[in-house]
There are 2 protein chains.
Amino acid sequence: MKFIFQAREKEIEVPAGYTVLQAAAAAGMPVEGNCGGNGTCGRCRVKLLSAGGGDLSPGWTLACRSPVAEGLVVEVPDPGDLLLRGKAGTGHWGPAAAVDSPVDKVFVQLEPPSLKDQTADLERLLTGMGKERAGVDPSVLADLPGTLRRAQFKVTATLIENNLAAVEEGDTTARKYGLAVDIGTTTLAVYLLDLNSGELLAAASCSNTQKIYGADVISRIQHAQTAEGLGQLREMALNALNGSIARLLKEQRIAATEIVEAVVVGNTTMAHLFLGIDPTHLANAPFTPAFRNSLATSAGQLGLSMHPRGRVVVLPNIAGYVGSDTVGVMLATRIHRQEGICLAVDIGTNGEVVLAGRGRILTCSTAAGPAFEGSHIRHGMRAAAGAIEAVKIDEDVSLKVIGDAAPRGICGSGLIDVVAEMLKSGLIESSGRFASPEEAGGSRNPPVWSRLRRSGEGREFVVAPGSISATGEDIVITQKDLRELQLAKGALLAGIRLLLREMGTETGSIGRIFLAGTFGNYINRESAVAIGLLPAVPPEIIVPVGNAAGEGAMLALVSREERNLAAALARKAEHLELSARMDFQEDFVEALSFPEGPGSFRSGIGN
Amino acid sequence: MKFIFQAREKEIEVPAGYTVLQAAAAAGMPVEGNCGGNGTCGRCRVKLLSAGGGDLSPGWTLACRSPVAEGLVVEVPDPGDLLLRGKAGTGHWGPAAAVDSPVDKVFVQLEPPSLKDQTADLERLLTGMGKERAGVDPSVLADLPGTLRRAQFKVTATLIENNLAAVEEGDTTARKYGLAVDIGTTTLAVYLLDLNSGELLAAASCSNTQKIYGADVISRIQHAQTAEGLGQLREMALNALNGSIARLLKEQRIAATEIVEAVVVGNTTMAHLFLGIDPTHLANAPFTPAFRNSLATSAGQLGLSMHPRGRVVVLPNIAGYVGSDTVGVMLATRIHRQEGICLAVDIGTNGEVVLAGRGRILTCSTAAGPAFEGSHIRHGMRAAAGAIEAVKIDEDVSLKVIGDAAPRGICGSGLIDVVAEMLKSGLIESSGRFASPEEAGGSRNPPVWSRLRRSGEGREFVVAPGSISATGEDIVITQKDLRELQLAKGALLAGIRLLLREMGTETGSIGRIFLAGTFGNYINRESAVAIGLLPAVPPEIIVPVGNAAGEGAMLALVSREERNLAAALARKAEHLELSARMDFQEDFVEALSFPEGPGSFRSGIGN
């Protein structure tokens, strides 16, 4: 079966039984979608230009519900790369203090062999490098004789920890590049670095197309248990990564073979899938990962677009739900060296929490859910162009939209903002229920309160009316959206409280909170405290650190010492399994409510 | 294009442009052939049962000259495995004195994980084995979680030098197998060993199907320089090896995944081709190999039929024309520990010579040519059923034929014998010219002298008349055959003399000669001295040692110490490059003649 995506006009063949959603991902033109192909989120709408020989008719359809057919022509919007806001989301990155990559490139000029010196090519090379032996896979030697002679025995050897990875003609020591990769459940980020200078050359990110098998890790693990599921998931992420890498390389005029090492972080499930390791037992108690320590293999074996004998290192994880991305956060925030008690929170599809102090590092993971990444929220979306990222409610509602575009939906930071503002305006009770406009009466600000209305599924608040939205539809926050947010923030806060108790301390002792995650930079700190996503601390101690996981991967990429530190931090971390703790449930129920602060409805009456 | 080989009725598809010879090899049913597809040796005769859509007509044709065509049906004799005469050609092998394989299989019983002990699977396994860390490729972990749980955490781990290669359910420590492989230019030998006991379980050998690209290493190197040549040669040998391995495994009821290590020896060109390394520069001075020291890689990467993460080790070579097979011979003969001066000669397609004594090990290589393996000899053949392996000339000519069959040709040992006997009977002059029956007159033994006749290409001697041969054709030794033999034995003898001179000694000081090579066991020692293949020593000091190269591979396979010894011997060996020595040419010319001994024509007159 073949069909064509018109944005880039690509014709592909896929096996019978594929849906258009799957085919689009296979074609490298992923369609949005959050419900795992259940036909419930409605995000994967595509336009059939020609229905081909199948049962479909031309027009709009859900990609996840449409089987492919011979001759199908489908129009999908070209998603391109997700715009990471700011400089690839890593405002903090500069050339690392001590660049010390474990990859060495050494230029040597050798004497050519003669009948009096028949020394073999490899041994001649190693001797020239002052080495008696090195690890050498025979594949390195395949073209070594030709390379040496074409280059008149002036060559550059690439050594990865005393393993000979490549031999290139001439002096190529100045060109030594590496990748830091952050595999998120929702978003993949790739950073291209110069391994000589430590400089970040470029970054790209894209959607994790595994999403078509479900927005959360549990759905992915379930899919991995189907016949070809693990392979499909592995390939989805791999193809997406390779697409981003290809764009970075083209932009920077660097060849894939010049990329000699990659350091990868991700949550434990993503790391398993990336390495092709059965993740089944992560889904059920006792949530045991297949590995904890750092693993390394060759890029060729994994299929990553770099030198096939380049090394791919996956940093260590801590537990089934605290992965190497959290180790990256620890590394980037120097959390073990902070004075006093320090908290780091990485809010992605899951919420990982690290509490450091008193000589200990405690971790836990909470099922934050993908609400902050736009999933399970009626008009939620990723932090891409058209997303409402900040909201202010005064006389009326004012919005800040990414890319200064007409709003298409609301992203995590916007969601937190609008809920905080609604709480302040009394539109929401601390229980999470929408207030009743009847109760509020005429004293309330009419332009704002008029946005609160009833729908078939309870009340909802119009954030942006169809008259200004990109789609012509009203963008709303529903009662269900509020419940979703409460579950997410409640779990996170309960986790934080439990770690504090385990360390024998309390909220007041926290000296600093690092807020990691793609959207950490854009959260309004007051709003985060106001909705109780974070404990009640002075907002100025909250430090957004952007994609600290990716930054940790970059540090580990350019420095042996940082890589050793990552291993040490992972070993030192004590993981608290929340599901094994009775006290967590109590904390959780208590944390579901929104804080009753000066901005909340009842106390706000007097203002 | 498809066609069928009737012996096993196999239908295969090959690219257009293939010859039947190439297709037969690709089908794993190689046809004999020695001239590299030049259509000159006539060995590759096959019967076309149906000519299909091509230009050929049914009947006999040369496989190397017949292009394949759609629908072709070809009958080829099933070559089966070459019968190695004797117990797989290694009469000397018994369980090695100290079996100490570098592969460990360890059975462990682990505590299952719980919420209180969430240790990752890998770290649980390693701890159970008393190891803090081990080299672990992520592919080992792909099914580790499932394996552990299916086996209720009772598993056997395979470690190759502290690298985790496999984890199997239950206790499989008793099943640990390895392969010793000898890749000869003409013949491939595979030995299957029990790595616990060191026992040789079975052996197989087959033709090196690379032969279709030429009988000697130079032709192979030339073919390797064509567009897909290197890959084709690699695959030829690999497929042949995998075929032999499959038969051994089936016979012994062993699974491919139970084979965890292989040690490979071969001449330097064969080792390059096997590893996919460009051999170009072996063909021209200064004959530089790409590598000298031992190399190791995974079976999966090479495509060898064993555990994909099993290790394949290629023993070190010494020079461009003295390979790891010679190191195997040194190992098997303990040549470095022999008293006095000791010579080892491995006569294959090339002739490698080792002279040990006075604390030194000297090596050289001579272009013996494939004469002793049946090539370039009119009726030469491998030592398989139907080959004349011994000849006696008294009243008449009496023959010994392998397999007690009707003679089909003459193998190396038979060739040496018949020439020695002809020398003794005065049928050949020491110059290598056939005697003239006219000169000899009526005094000579009529039944024997009547076999000496003229043909279009000079004189020839009928070893077996068509009346008793399998083909109905006379089996003859031609004047050209004699010249071929003279070149081969002359080069070998000159090499030996040069090594003796380099060591400052002479023939008389040689205490022992080890005669290695597939046919070493079957050479008549008196005949070898009589034709001057070996120096004039008392025949009783000549010790045939069979396939000592293969035996060396077996020793290295079952013992770390032997493997270290192989490395030490290779390092210690001093290689003499004959082409760089002026004195070699003089020795060579002198050594071309046959010795004038009591059995030779002139001195024989008086007897």
Side-chain angles (χ1 to χ4, degrees), chain A residues 112-124 126 133 135-149 230 268 271-272 274-282 285-293 295-298 300-302 312 314 316-317 319-320 575 577 579-581, chain B residues 112-124 126 133 135-149 230 268 271-272 274-282 285-293 295-298 300-302 312 314 316-317 319-320 575 577 579-581:
Chain A
S114 65
L115 280 173
K116 289 197 174 154
D117 174 12
Q118 293 179 312
T119 306
D121 290 345
L122 172 63
E123 282 71 15
R124 180 176 304 276
L126 294 179
R133 296 221 66 168
V136 180
D137 188 89
S139 64
V140 191
L141 308 179
D143 192 35
L144 178 66
T147 303
L148 285 174
R149 284 159 186 83
L230 180 54
T268 308
H272 277 59
F274 176 67
L275 295 171
I277 300 173
D278 175 14
T280 302
H281 304 280
L282 290 170
F287 314 108
T288 317
F291 67 99
R292 174 163 179 168
N293 286 323
L295 290 176
T297 188
S298 70
Q301 185 172 314
L302 285 178
V312 180
V314 175
N317 62 62
H575 178 65
E577 181 52 50
S579 61
R581 308 276 300 221
Chain B
S114 64
L115 280 174
K116 290 198 173 152
D117 173 13
Q118 293 180 311
T119 307
D121 290 345
L122 173 62
E123 282 71 14
R124 181 177 304 275
L126 294 178
R133 295 220 65 169
V136 180
D137 187 89
S139 64
V140 190
L141 308 180
D143 193 35
L144 177 66
T147 303
L148 285 173
R149 286 159 185 84
L230 180 54
T268 308
H272 278 59
F274 176 66
L275 295 171
I277 300 174
D278 176 14
T280 302
H281 304 281
L282 290 170
F287 316 107
T288 318
F291 67 98
R292 173 161 180 170
N293 287 322
L295 289 176
T297 188
S298 70
Q301 186 173 312
L302 286 177
V312 180
V314 175
N317 62 62
H575 178 66
E577 180 52 50
S579 61
R581 306 277 300 221

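Sequence lines set the chain letters: A, B, ... in the order given, protein chains first and strands last, and positions in each chain run from 1. Excluded from the calculations below are hydrogen atoms, water molecules and symmetry mates; all remaining heavy atoms, backbone and side chain alike, are included.
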Should A:Phe287 and A:Thr268 be marked as a side-chain contact (heavy atoms from CB on, under 4.5 Å) after you check the CA-CA gap, both sets of side-chain angles, and the distance that decides it? CA-CA 10 Å; A:Phe287 314 108; A:Thr268 308; over 6 Å; no

Hey, mind stepping through B:His272 and B:Phe291 against ring pair (Phe, Tyr, Trp, His ring centres under 6.0 Å) and telling me if it holds? CA-CA 9 Å; B:His272 278 59; B:Phe291 67 98; 5.0 Å; yes

If I measure from the heavy atoms of chain A, does B:Leu141 come under 4.5 Å with its side chain, its backbone, both, or neither? both

Relative to chain B, which of A:Gly276, A:Pro286, A:Gly135 shows the most heavy atom pairs under 4.5 Å? A:Pro286

With a 4.5 Å cut-off on heavy-atom pairs, point out which of A:Lys116, A:Glu123, A:Glu577 contacts chain B the most. A:Glu123

Determine whether A:Arg133 and A:Leu126 satisfy the following criterion, side-chain contact (heavy atoms from CB on, under 4.5 Å), listing intermediate values before the conclusion. CA-CA 7 Å; A:Arg133 296 221 66 168; A:Leu126 294 179; 5.5 Å; no

Does any backbone or side-chain atom of B:Thr119 lie under 4.5 Å from a heavy atom of chain A? Answer side chain, backbone, both or neither. backbone

Just jot down the salt bridge (charged side-chain N to carboxylate O under 4.0 Å, His left out) partners of B:Arg581, sequence neighbours excluded, or say none. B:Glu502, B:Asp583

side-chain contact (heavy atoms from CB on, under 4.5 Å) between B:Ser139 and A:Thr297, intermediate numbers included: CA-CA 9 Å; B:Ser139 64; A:Thr297 188; over 6 Å; no

Turns out that what part of B:Leu144 lies under 4.5 Å from chain A's heavy atoms comes down to side chain

Top contributor to chain B interface from A:Leu275, A:Thr288, A:Leu148, A:Val136 [non-hydrogen pairs under 4.5 Å]: A:Thr288

Do you know which of A:Pro138, A:Ala296, A:Pro279 has the most heavy-atom pairs with chain B at a distance under 4.5 angstrom? A:Pro138

Chain A interface, residue from B:Leu230, B:Asn317, B:Leu295 that has the most non-hydrogen pairs under 4.5 Å: B:Leu295

What part of A:Arg149 lies closer than 4.5 angstrom to a heavy atom of chain B: side chain, backbone, both or neither? side chain

In terms of heavy-atom proximity below 4.5 Å to chain A, should B:Arg124 be classed as side chain, backbone, both, or neither? neither

Minimal heavy-atom distance between B:Pro289 and B:Ala319, with the atoms involved, is CG-C, 4.2 Å

Largest heavy-atom contact set with chain A, pairs under 4.5 Å, which of B:Gly300, B:Pro145, B:Ala580: B:Pro145

I'd like to know which of B:His575, B:Gln301, B:His281 tops the heavy-atom pair count under 4.5 Å against chain A. B:His281

